[in-house]
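In the text below, chain A, chain B and the rest are named by the order of the sequence lines, each starting its count at 1.
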2 protein chains.
Amino acid sequence: MTSRTPAGETPTGVVRADGLRSPVGHADVPARPGREIPEATVARLPVYLRALTALVDGGTATCSSEELAGAAGVNSAKLRKDLSYLGSYGTRGVGYDVDYLRYQIAREIGLTHDWPVVIVGIGNLGHALANYSGFRSRGFRVVALLDAATTRHEELVAGLEVRPFDELEDIVGTQSVAIGVIATPAVAAQDVADRMVAAGITSILNFAPTVLSVPDGVDVRKVDLSIELQILAYHEQRKTGQLPTEGASA
Amino acid sequence: MTSRTPAGETPTGVVRADGLRSPVGHADVPARPGREIPEATVARLPVYLRALTALVDGGTATCSSEELAGAAGVNSAKLRKDLSYLGSYGTRGVGYDVDYLRYQIAREIGLTHDWPVVIVGIGNLGHALANYSGFRSRGFRVVALLDAATTRHEELVAGLEVRPFDELEDIVGTQSVAIGVIATPAVAAQDVADRMVAAGITSILNFAPTVLSVPDGVDVRKVDLSIELQILAYHEQRKTGQLPTEGASA
DNA sequence: AGGAGTTTGTGAACGGGAGAACAAACTGAG
DNA sequence: CTCAGTTTGTTCTCCCGTTCACAAACTCCT
């Protein structure tokens, strides 16, 4: 729902009409034409994954869609529909095998791979990102921390040495990095993105408060700290301005 | 409206660097009954605001919907429709007065107010948030940094002293804080949220990777660093042709 | 084995947002 | 004043996502 390629969106027949390997029997469902998972569903899969991991840690072996939906904070019907895009991994009358479903989701997202990641801009936020355990624990491996400021070079952050930004191309090339994280000030972000794209990166997570323009085929997702706060402020203002209820959000 | 500002609260010359001034006799709350702004539009208003600020800084006085849409990275039709929810602030055949529109959007979001904010959890991320200039420049004023760990107390972060978490209720009460930011580990997040709600906070920005449950009337927005990366990984996996259901490519 | 109870997976209705297209309104020149 | 050119505001249509509701499928108890 956020920004993929602004206007690009060329649905060049990536239709993959492969025969969705049905578990047992029931091959009559004609292989869902082009098993394409809706964007909204993709955005929720990581949430389910986390909920499932929590259940595994809690020792739960199976769970119903109702339970899992509760843990994930969504409607159970939505959860079931989301999961149905992946296949039929549940058992009617029983529920889902927690560990099995967790693996299936992880595989679908691609977390069974190892994803090397570079982080550019090692300020406060870059520090936090480099130390964030949620990356490493999900198959994302920070292979390099880059910063343009020479004063930061050789500083040790999260066990990694901060390197000059100029080493970007070399690192991306030799380590096959596909994902880059931008945590620089806004003014530098577009330049960094250009360099990243030129070096071969095709997915960018942008924390800089600016709109990046990238060629088609490159995905950009934006995380904007202050925008979220502004959205809250809007609703807060409405609340205190005592507008008629109109059903609060969940 | 008690303005007992903590001792160290001296923003480094960036108090409202946005230069937002209200025209004469502005109304505090838009209070536009019958006008309900769609959630998707609300989420884009901050983006427009930022683009407009950039235009102002660039010396542009007026702009067309096409220009502004370009700067914001959206479709011009969408932009016009979004703005139409606020009112008719443009001039046909001419465009929008950049400064005027900027003020109207800021007012609609509520950024003409001063929003005191508390941040709980002063780890790596909390540091980054406390130092993030994007908050202060948009009317958000960090009034307190709280952490449960006594080892962090009295540490100076962004000019503010880190205080014990137990002071939450007092600070929220005396400073009329409505917005809280959670940057704690996941296990602590729900407890912090409960305390925040009990103390009177009605909007929470949650950076902890967990689902918070709060009573009706309390808004929660979640920012999850690793989820965004996982979404990118999903698309990346698709691009490289390594489909999850192993190469069943036609 | 058979029936009652549970839970998944999915077809269908529903609501909201995106984008195209156009009428209304403004500017400026002749 | 009139007309051509420009740009907004709005309407209309389409599509995606959410939700409901129910048949299919499985377990358990008798």
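Taking the side chain of A:Ser84 as heavy atoms from C-beta on, and the options C:dA18, C:dG9, D:dG17, the nearest nucleotide is C:dG9. Candidate nucleotides D:dT7, C:dT8, C:dA12 were compared by shortest atom distance to the side chain of A:Tyr96, and C:dT8 ranks first. Taking only side-chain atoms of A:Arg80, from C-beta outward, the nucleotide of C:dG9, D:dT19, C:dA18 with the closest atom is C:dG9. Nearest nucleotide to the side chain of B:Glu39, out of C:dG17, D:dT18, D:dT8: C:dG17. Looking at the side chain of B:Ser88, the nearest of the listed nucleotides C:dA12, D:dG9, C:dA18 is D:dG9.
No N or O donor and acceptor, one from the side chain of A:Lys81 and one from the base of D:dG17, sit under 3.5 Å apart.
One atom, CG of A:Asn75, and another, P of D:dA21, lie 12 Å apart when rounded to the nearest Å. Whole-Å rounding puts the A:Leu68 CG to C:dT7 P distance at 14 Å. D:dT11 atom P lies 10 Å from atom OH of B:Tyr85, rounded to whole Å. For the pair B:Lys78 NZ and D:dT8 P, the computed distance is 17 Å after rounding to whole Å. Computed from coordinates, the A:Leu79 CG to D:dT19 P distance equals 12 Å when rounded to whole Å. In this structure, CG of B:Leu86 is placed 15 Å from C1' of D:dT10, rounded to the nearest angstrom. Rounding to whole angstrom units, CG of residue B:Leu83 and P of D:dT8 are separated by 9 Å. When the P atom of D:dT18 is taken as reference, atom CG of A:Asp82 falls 7 Å away, rounded to whole Å.
Aromatic rings of A:Tyr89 and A:Tyr96 (six-membered ring for Trp) have centroids beyond the 6.0 Å cut-off, not under it.
Taking all atoms of both residues into account, the shortest heavy-atom contact from A:Ile204 to A:Val214 is CD1-CG1, 4.5 Å. Smallest separation of non-hydrogen atoms from A:Tyr48 and A:Leu68: O-CD1, 4.4 Å. Residues A:Leu55 and A:Cys63 come closest through the heavy atom pair CD1-SG, 3.9 Å.
Looking at heavy-atom distances under 4.0 Å, B:Glu66 makes no contact with the nucleic acid at all.
The distance from the CZ atom of B:Arg107 to the CZ atom of B:Arg102 is 14.5 Å, given to the nearest 0.5 Å. Interatomic distance, B:Arg44 CZ to B:Lys81 NZ, rounded to the nearest 0.5 Å: 9.5 Å. In this structure, B:Leu86 CG and B:Thr41 OG1 are separated by 8.5 Å, a value rounded to the nearest 0.5 Å.
An OP1 or OP2 oxygen of C:dT7 is reached within less than 4.0 angstrom by no side-chain nitrogen or oxygen of A:Ser64.
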B/S/- contact track for nucleotides 23-30 of chain C, protein heavy atom under 4.0 Å: -BBBS---
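An angle of 0°, rounded to 10°, separates the two end axes of the helix from C:dA1-D:dT30 to C:dG30-D:dC1, each defined over five pairs.
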Show every donor-acceptor pair shorter than 3.5 Å between a side-chain atom in residues 188-199 of chain A and any protein atom, with sequence neighbours excluded, or say none if there are none.
| residue | atom | partner | partner atom | Å |
| --- | --- | --- | --- | --- |
| A:Gln190 | OE1 | A:Ser213 | N | 3.0 |
| A:Gln190 | NE2 | A:Asp194 | OD1 | 2.9 |
| A:Gln190 | NE2 | A:Ser213 | O | 3.1 |
| A:Arg195 | NE | A:Glu169 | OE2 | 2.6 |
| A:Arg195 | NH2 | A:Asp166 | OD1 | 3.3 |
| A:Arg195 | NH2 | A:Glu169 | OE1 | 3.3 |
| A:Arg195 | NH2 | A:Glu169 | OE2 | 3.4 |

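Only one option out of A:Ile119, A:Ile182, A:Thr184, A:Leu125 pairs with A:Phe207 in a side-chain contact (heavy atoms from CB on, under 4.5 Å); it is A:Leu125.
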Show your working on ring-ring contact (aromatic ring centres under 6.0 Å, His included) between B:Tyr100 and B:Tyr103 and close with a plain yes or no. CA-CA 5 Å; B:Tyr100 179 59; B:Tyr103 172 73; 7.6 Å; no
